[in-house]
Structures are given as structure tokens and as C-alpha cells.
Amino acid sequence: MAMAPGSEEPGTPGQAPGPQGGPRAEGGAVRPADRAAAEVVGARDPLSMGQGGPIAATAAAATVGLGMPGSGPPPDGAFDAHRPPDAALIGDCVHCGFCLPTCPTYVLWGEEMDSPRGRIDIMKGALEGDAFDAGSVRHLDQCLGCMACVTACPSGVRYDRLIEATRAQLERRVERPRAQRLLRAAVYAVFPYPRRLRALRGPLRAYQATGLGRALARSGLLARLPEPLRAMEALAPKLGRTKPLPPRTPARGTRRSTVGLMTGCVQGAFFPDVNAATVRVLAAEGCDVVVPPRQGCCGALSAHAGREPEALDFAKRAIETFEAAHVERVVVNAAGCGSHLKEYAHLLRDEPDWSRRAAALAAKARDITELLDELGPVAERHPLPMTVAYQDACHLAHAQGVREQPRRLLRGVPGVQVKELTEAEICCGSAGTYNLLHPEPARELGERKAKAVLATGADVMVTANPGCWMQVATTLARMGERMPVAHTVQVLDASIRGVPVERVLARALDGPGTVLPPAGDATSPATHTATAPSAARRPTDASSPRPPATGAPG
């Protein structure tokens with residue numbers, strides 16, 4: 001397939017490096033377009049957005065055909081007639097290059113066809129009958145779907161809808177290698193099903209409590225597992241006891257709204273403290289909180305992977321669930337779920353019986369920080385003297401456009417100082433199931449994000465998505481820099497309840513939802529006692545076993 005116009009743009013391997021390793025135009029200056037692209041997303045210069053620097057170690061495997069071996073093209077053309085990527089949306093792309101410094105895979109590899117405009121060129125060529133080969137499939141598969149390019153694009157290109165339509169085509173029409181098929185089948189047979197995830201809690205808690213992971217690491221068996229299985233083992237958060245949420249929690253004081261809480265799949269099974277904190281904060285801010293029983297998946301993981309029939313079925317069940325709840329708003333505390341709910345009308349646009357109902361639910365959907373910011377605070381905030389590194393979840397900042405609301409809420413807590421990350425627009429590498437399907441580039445992106453978090457000198461990292469939490473916390477632990485991690489709503493909950501900052505940080509470091517030190521690094525889990533903000537983050541220490549976490553979530 002022909003390369004996209006501008007394929008010799010900055011970052012192409014072999015081009016002369018620019019300032020501090022960044023790309024140079026002919027004559028040695030940073031290209032004005034690159035600087036403009038950085039300014040659009042608030043970066044100081046192109047290097048701040050990740051452009052430049054060394055090419056990542058995975059570049060060779062990702063760009064020369066080893067990333068997805070055997071994933072050949074469909075025998076009768078790239079796309080069928082069912083919802084191919086929209087040619088009109090493709091035509092909106094003018095190949096300006098503003099997306100380049102915000103795209104994680106372009107930042108890693110400097111490969112034009114692993115940028116949004118390169119992938120759009122693949123889609124355009126496929127629609128026009130150009131050659132569509134295994135390399136085309138690989139470039140499309142390697143997209144994280146982080147939507148940073150949507151934020152950066154001055155032409156308003158809906159890349160999110162283009163890549164989702166393309167992924168659905170690939171899922172139906174591309175014959176993947178057997179190992180890939182089995183891995184994908186296993187991932188999507190478990191993660192979108194809350195009951196199946198809850199069933200895994202018992203075995204996983206036993207695995208963590210018995211130290212089996214450390215024994216496997218010492219024996220060398222862990223290192224022999226396939227890379228995706230090692231990634232799953234490393235990403236698993238520490239599990240604590242769970243208490244079922246009440247079906248209805250009344251507002252404290254004057255009722256201001258009635259809201260339904262979507263508990264989520266991974267959030268509900270592995271981060272129940274976040275849901276509990278969400279209910280407490282909403283009630284404290286004057287909301288009756290309804291938690292519909294027997295909730296299912298919203299369908300986000302399936303939709304982002306191109307599993308369209310599955311995604312449609314999940315969406316319809318979610319619509320029925322929250323219609324029956326009779327709530328004014330549907331609150332979500334996982335960024336990926338929230339962004340998907342807001343796209344329900346588009347997802348079900350071809351089904352007249354469902355499109356109106358989907359639009360109604362989408363109009364009610366709010367991220368927890370979005371709703372709290374709309375309502376304004378009424379509950380008293382007690383001081384929490386600590387510095388927070390706020391990590392933007394991609395599907396909150398880019399897909400939903402929710403950036404300032406969580407920052408305002410955090411700054412509204414007396415004593416909290418919010419630190420901004422460099423390369424804030426670059427994805428951490430979690431991206432739903434990306435860190436399981438593409439663990440090596442995900443690891444490289446995780447390390448970039450972890451280093452940016454550490455550079456802030458903050459006491460705690462705060463984020464809004466369980467995938468980001470696991471990805472960055474696991475990377476920090478692997479680097480020997482375990483750090484307290486919390487959800488935005490947990491900080492608000494602790495402030496409203498007057499939890500001491502020492503307890504907040506200790507819980508965020510060693511409580512449920514946090515990560516253990518890497519199994520291969522120690523003979524026993526580390527002990528960390530955060531007695532003050534400056535002591536919250538400590539390198540991994542294997543000197544003594546970790547005591548069980550006690551007390552209410554901080």
C-alpha cells in the first residue's frame with residue numbers, strides 16, 4: 001500500500017535528530033508544524049510531547065512484520081458492506097501532522113503507518129481497493145485507541161469512530177494466528193463478565209496469600225510463561241474483602257439528585273473500595289444512590305476490540321438495567337466505561353427500537369467527577385496535606401473531554417497540591433486489554449508514564465481508571481518505586497470523612513487494589529508504613545512481610 005502523504009515527516013527512522021534528540025527539519029530547526037501540534041495539547045515544545053529521543057526497543061519487531069505474524073488480509077477485499085469506516089470521516093483528515101506527537105506508537109517507533117494519519121491512509125486505501133496485507137493489519141492492531149489524536153486534531157477528525165469501525169471489520173474478516181485467537185478468546189471470555197471476575201477472586205487471593213508467585217519466580221517457571229500470561233500475573237492487584245453495596249443509599253441532607261451507579265466489571269471485582277467511596281461521596285453531596293442489582297458489562301472492552309455483536313448485546317442489557325432504575329443520572333467511575341456509555345446512540349444508530357433509548361441513557365451518563373463538579377460541593381472538606389500527581393486517563397481526558405473537573409475537585413480539598421505530568425497526553429499503555437495483547441510496547445509506555453509520575457515528586461498518584469491504576473502501579477513496583485495510588489473519588493471521600501493523611505497514604509500504598517512487589521524481586525512482600533507525606537513512596541523493601549490492611553478505605 002502506498003505510504004501516506006508526508007511519510008517522510010519527523011520521526012521517520014534515519015532523519016537527522018533535532019534538539020535533545022528531537023526531529024529536525026531540513027536546515028536543523030524544529031518544524032513549525034511540530035511545535036504547533038505540541039502547543040495545541042498544551043506541551044511546552046515537541047520534545048515535551050514525546051517526539052524525539054531514542055527509538056523504543058520494540059521498534060524493530062513492531063515495524064518490520066514481527067508484531068502480528070500470520071494475520072493475513074481477507075481474501076475478498078479489506079472491508080465488507082456492514083459499517084465500513086466512513087469515507088466522509090476519512091476525508092476530514094488533511095494530513096497536517098498535529099496527531100504525530102500525541103500518538104503513543106508513533107512516539108515509540110517513529111513509523112508513519114503507526115500514526116493516526118498513517119492508519120487513516122490504510123483505511124482510505126482499503127476502501128479504494130488498494131493492497132491490504134498483513135502489515136496493514138498489524139499497524140491497525142497496534143493502535144491503542146487512546147484518542148489523544150482526537151484532542152490534537154484541528155480538523156475534528158473522528159478517529160475514534162474510524163478505528164472502531166475498522167476493528168469490527170478486522171475481527172470478522174481477518175484470520176489470526178492460533179495463539180492470538182486463543183489469547184483473545186480467553187481475555188474476552190472473562191473480563192467483560194463481572195460474575196466470572198468475582199469467581200476468580202478466591203483463587204487469586206489464595207495465590208497471593210500463599211506466596212505461590214514468588215515460588216514460581218524462584219523456580220524460573222514464571223519467566224517461561226508466555227508474555228501475556230506474565231503480564232496478567234504482574235498486573236493483578238491485591239485483593240481485600242468486599243462488602244456488597246446497598247441497593248439504595250439515601251442522600252445526607254437535602255436531596256439534590258437521584259443517580260444510578262454503574263459498578264463496572266474490573267472496577268467492581270478488583271477495586272470495590274472505589275465503588276464504596278463513590279457511594280459515600282455522592283450521598284454526602286446530596287444524592288440518592290441506586291445500585292441496580294445484577295449489573296452486566298457496559299460493552300466497552302468488546303466494542304473497542306471490534307466484537308460488535310457482543311458489544312451491542314451488552315449495551316442493550318445496560319440500557320434495560322438503568323431504565324428500570326428510574327434515575328436522573330448514570331454515574332460511572334471508570335473512564336473507559338463512561339466514554340462508551342456516551343457513545344451508545346452511535347453504537348445503536350441502525351436499530352430504531354433501541355436508538356432513542358440509547359440516546360436517552362447516553363444523555364444521562366456522567367463521570368463521577370463531572371457530576372460532582374456540576375453539583376458543586378456541599379459536604380465539608382477536611383485538610384489532606386499532600387501532593388498529588390494527577391494522571392489523565394485517556395478515555396476521560398480525550399474521549400470525554402473531562403480534564404478540569406477532577407483537578408478542580410482535588411484542589412478544592414484543603415492542603416492538596418496537584419502536580420502536572422510531562423507527556424500528560426501520552427497513554428500509559430493500559431488501553432483496555434492492550435497491555436495483555438501487546439505487552440512489550442505497553443511496558444515501554446508504562447515506564448515513560450511511571451518516570452513522569454516520579455519526576456513530580458508527589459506523595460500519591462491519582463487517576464480515574466482501573467486499567468491506568470494497575471498499569472502504572474505495576475510499572476512503578478517493577479522499577480523498585482512502589483507508590484501510593486488512589487482514585488480521585490477516594491481522595492474526596494477521605495477528605496469528607498476526615499481521614500488522617502497518614503492513613504490515606506498507607507492505605508493507598510498497601511491496601512486493596514494496590515500491587516505487590518514483583519514476584520522475582522523478593523522472597524516476601526514489602527512492608528511500607530507511610531507516616532507522613534514525604535515517607536509515602538519508598539523503594540521496594542523485602543525485609544519483612546506486609547501486614548494485612550485494616551480500616552476503611554482512605
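Residues: numbered from 1 along the sequence shown.
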When you compare the side chain of Glu171 with that of Glu308, does any pair of heavy atoms fall below 4.5 Å? no
Compare all side-chain heavy atoms of Arg167 with those of Leu140 and state whether any distance is below 4.5 angstrom. no
Per side-chain hydrogen bond (donor to acceptor under 3.5 Å, both in side chains), Arg357 is matched among Glu323, Glu351, Glu320 by Glu323
Residues [X] and [Y] bridged, charged N to O under 4.0 Å:
X	Y	value
Arg172	Asp80	yes
Lys342	Glu370	yes
Glu343	Arg161	yes

Per-pair distances, 0.1 Å, donor-acceptor, side chain in residues 186-197, under 3.5 Å, sequence neighbours excluded:
unit_1 : atom_1 : unit_2 : atom_2 : d
Tyr188 : OH     : Thr433 : OG1    : 2.8
Arg196 : NH1    : Ala189 : O      : 2.6

Say you draw a straight line from [atom1] of [X] to [atom2] of [Y]; how long is it, rounded to the nearest 0.5 Å?
X	Y	atom1	atom2	value
His340	Gln400	NE2	CD	12.0 Å
Glu374	Asp367	CD	CG	10.5 Å
Met147	Asp160	CE	CG	5.0 Å

Looking at Lys316, I want to see if its NZ is surrounded by more than 12 non-hydrogen atoms of other residues, nucleotides or ligands under 6.0 Å. yes
Considering residues, nucleotides and ligands other than Lys419, do more than 12 of their heavy atoms fall under 6.0 Å from its NZ? no
Going by atom types only, do [X] and [Y] share a side-chain donor-acceptor pair under 3.5 Å?
X	Y	answer
Thr151	Arg403	yes
Glu425	His398	no
Arg119	Thr105	yes
Ser136	Asp133	yes

Holding to side-chain contact (heavy atoms from CB on, under 4.5 Å), I want the full list of residues that pass it with Leu375, two or more places apart in sequence or in another chain. Arg256, Cys287, Leu371
Report the C-alpha separation of Gln267 and Asn333 in whole Å, then their side-chain angles, then the decisive distance to 0.1 Å, and conclude whether the side-chain hydrogen bond (donor to acceptor under 3.5 Å, both in side chains) test is met. CA-CA 8 Å; Gln267 192 85 287; Asn333 55 27; 3.0 Å; yes
Donor-acceptor contact present, side-chain Arg181 to main-chain Arg176, <3.5 Å: yes
